[in-house]
Amino acid sequence: STKNFPHIAICPSAGIGHLVPFLRLASMLSSSECKVTLVTIQPTLSIAETNQISTFLSSHPHVNSLDIPLQCQPPLISTNANNASTTTSKGSGPDPFMLRYDAVSRSAHLLTHHLSTLSPPPSAVFSDIMLVSGFNQALADLGIPNYVLITTSTRFFSLTTYLLLEGATQDGTMPKLELNNSIDEEVEIPPGLATVPKSSIPPPFFNPNHIFTKMLASNSLALYKVNGIVFNSFNSFEFETISALQERKVLSNLPPIFPIGPLKPFVNEKQGVYPYTKWLDEQPDKSVLYISFGSRTAMNQEQIQELGVGLEKSGVRFLWVIKTTTVDKDEKVDSVDELLGEGFLDRTKERGIVVKEWVDQEVILDHPAVGGFVTQCGWNSVMEAAQRGMPVLAWPQHGDQKVNAWVIQKAGLGVWEKEWGWVGQKLVKAEVIADKIKEVMNSEELRRTASKVGEEAGKTWDANNGGSSNRMLNNLISSIES
Ligand code: BUP
């Protein structure tokens with residue numbers, strides 16, 4: 001008899017950081033003989049998302065795709081203190097990604113109608129956290145199991161679910177956090193886990209009426225009803241937290257969890273040669289520092305210039321990706337020269353290159369010339385550094401990133417200077433930056449511990465030696481088949 005392979009529908013929400021891990025999971029499931037449908041909500045907010053989706057689909061001809069129009073509803077936002085703004089370089093207006101999460105979140109129940117038209121019907125849906133509360137009941141009515149793929153660290157997940165759900169009222173307000181609490185205080189999270197300084201908690205969480213807090217609270221409540229929670233993390237990297245989750249110490253009645261990270265990169269068949277890879281080819285091994293703050297952090301010009309001076313002072317070779325807007329569509333090709341200050345490019349042309357466009361980050365991290373990574377600690381970037389044992393200078397900017405930076409430091413993958421604060425909070429001076437850069441590029445000890453992380457990441461996929469992520473993925477697939 002022929003085996004019936006499960007048909008999995010993959011439903012990311014919005015933003016590159018939420019899309020990338022879903023594409024990786026789709027690719028992994030597709031090579032594990034699952035039939036996969038990629039469900040995307042169109043139009044995407046950024047050009048980067050559109051490009052990633054089309055690259056993915058052209059290198060995965062067996063993956064089916066289903067486009068669903070975004071249900072455009074006016075955002076439920078007031079313009080008073082409860083608005084959705086996070087700190088951006090311009091410091092104005094609500095964050096467009098927050099508004100999109102909200103629209104996606106509120107469209108979720110409509111998505112399930114489209115899922116019900118798929119043939120064969122999906123054996124399971126893997127959805128983003130922003131979709132869970134809208135999906136749960138509708139999928140249950142259709143008899144389709146729902147799994148959630150978490151796109152952050154298990155530590156940040158534990159912190160938020162604990163804060164949001166432990167003792168939470170049904171409206172999802174957070175009794176444990178109050179604005180008037182001293183900022184120096186540490187927040188207790190589940191037994192056995194290190195406390196979290198208040199200064200590491202994303203500022204929106206101190207406001208129960210903030211759009212992001214409300215959205216996360218209602219979706220987190222729905223987590224109790226999903227069939228499984230999948231993480232892009234691995235045992236040795238977040239040992240304490242993963243154990244606490246598995247032992248139900250974080251929340252007593254969470255569904256089964258499946259840590260299956262680092263999610264494997266998928267092969268992009270049309271990988272090209274870029275000017276920056278040509279330049280990297282000419283640099284000595286492990287001599288170049290790669291700097292990127294992810295797809296949606298726009299630094300202000302003053303901080304950009306200070307970082308430039310820091311790079312100059314450090315004497316280190318660098319490949320620096322600069323962004324000045326939250327959404328890539330808004331980016332103008334204004335002069336990098338002007339942005340960086342007169343003469344910077346000229347003075348550093350022998351040892352550095354500045355790029356103001358999308359780069360192939362994995363190609364860069366794989367290049368032998370690259371020996372360090374300054375990152376905003378978006379979780380995908382963290383996992384990409386971890387699987388390559390790449391020493392990291394953690395410079396968190398918003399959201400989950402300070403908690404992720406803590407994880408990086410604890411695991412021995414990199415260093416984090418807590419005092420640097422959130423993006424735009426204070427100006428980090430060139431001298432301080434230069435010192436940290438030299439530390440990351442020159443520390444033998446850090447190179448050794450980071451490389452150990454890379455080895456552990458490799459072992460977690462080793463089928464012959466009981467690799468934990470390999471085992472978890474098999475468990476996950478059999479839980480769907482059964
Ligand atoms: Br920018 C950029 N090239 O130029 P994170 C990003 N990436 O390949 P997020 C590129 O996008 P936040 C570029 O490798 C990673 O897989 C990168 O995800 C890739 O952060 C992904 O690191 C970015 O989780 O920002 O979502 O961009 O965490 O600040 O919301």
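Whatever order the structure lists ligands and atoms in, that order sets their numbers, starting from 1.
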Protein heavy-atom partner closest to atom 27 (O) of ligand 1 - residue, atom, separation in Å: S295 OG, 2.5 Å
May I ask you to check if ligand 1 and E357 share an N or O to N or O distance below 3.5 Å? no
So, 4.0 Å and heavy atoms of E362: is ligand 1 close enough to count as a contact? no
Do any nitrogen or oxygen atoms of V20 lie less than 3.5 angstrom from nitrogen or oxygen atoms of ligand 1? no
For side chain to side chain donor-acceptor pair (under 3.5 Å), just list the numbers for T44 and E49, CA-CA rounded to whole Å, side-chain angles, deciding distance to a tenth of an Å, and then say yes or no. CA-CA 6 Å; T44 62; E49 289 164 84; 4.8 Å; no
Under 4.0 Å between a Lys/Arg side-chain N and an Asp/Glu carboxylate O for E362 and R24? yes
Identity and separation of the nearest protein heavy atom to atom 26 (O) of ligand 1: G17 CA, 3.0 Å
Hey, are R296 and D95 close enough for a salt bridge, meaning a charged N less than 4.0 Å from a carboxylate O? yes
Residues K410, E238: salt bridge by 4.0 Å N-O rule: no
Report yes if D360 has an N/O atom closer than 3.5 Å to an N/O atom of ligand 1; otherwise report no. no
Below 4.0 Å, non-hydrogen atoms only: which portion of K323 touches ligand 1? Side chain, backbone, both or neither. neither
In V359, V363, D360, the residue satisfying side chain to side chain contact (heavy atoms under 4.5 Å, CB included) with T277 is V363
Contact (N/O only, under 3.5 Å) between Q361 and ligand 1: yes
Hey, what's the ring geometry for W420 with W395, parallel, tilted or perpendicular (30° and 60° as the breaks)? perpendicular
Pick one of side chain, backbone, both or neither for how H18 approaches ligand 1, counting any non-hydrogen atom pair under 4.0 Å. neither
Would you mind listing which atoms of ligand 1 come within a distance below 4.0 Å of any non-hydrogen atom of S381? 5 (P), 22 (O)
By number and element, which atoms of ligand 1 are closer than 4.0 Å to a non-hydrogen atom of N380? 5 (P), 15 (C), 16 (O), 18 (O), 24 (O)
Contact check, Q401 vs ligand 1, heavy-atom distance below 4.0 Å: yes
Could you tell me if any non-hydrogen atom of Q52 lies under 4.0 Å from any atom of ligand 1? no
Checking a contact table here: which protein heavy atom is nearest atom 16 (O) of ligand 1, and how many Å away? E384 OE2, 2.5 Å
So, is V321 polar-close to ligand 1, with some N/O to N/O distance under 3.5 Å? no
Distance to 0.1 Å, residue and atom name: give those for the protein heavy atom nearest to atom 19 (C) of ligand 1. W358 CH2, 3.7 Å
Nearest protein heavy atom to atom 30 (O) of ligand 1, by residue and atom, and its distance? R296 NE, 2.6 Å
Please check if the side chain of Q401 supplies one atom and the backbone of H398 the other of a donor-acceptor pair under 3.5 Å. yes
Ring-plane angle category for H210 and F212, please: parallel below 30°, perpendicular beyond 60°, tilted otherwise. perpendicular
For F344 and F318, take the angle between the two ring planes, folded into 0 to 90°, and tell me which bin it lands in: parallel under 30, tilted 30 to 60, perpendicular over 60. tilted
Polar contact flag for Q376 and ligand 1 (N/O pairs, less than 3.5 Å): yes
Side chains of S127 and N146, donor plus acceptor under 3.5 Å: yes
For I16, is the nearest heavy atom under 4.0 Å from an atom of ligand 1? yes
Side chain to side chain contact (heavy atoms under 4.5 Å, CB included) with P12: of V104, D128, L23, L38, only one passes, and it is L38
among protein heavy atoms, the one nearest atom 3 (N) of ligand 1 is V359 O, 2.6 Å
Pairing of E456 and K452 as salt bridge, 4.0 angstrom limit: yes
Ligand-residue contact atoms, ligand 1 with G294, heavy atoms, under 4.0 Å: 1 (Br), 27 (O)
List ligand 1 atoms under 4.0 Å from W379, heavy atoms only on the residue side. 24 (O)
Looking at K349 and D346, does any basic side-chain N land under 4.0 Å from a carboxylate oxygen? yes
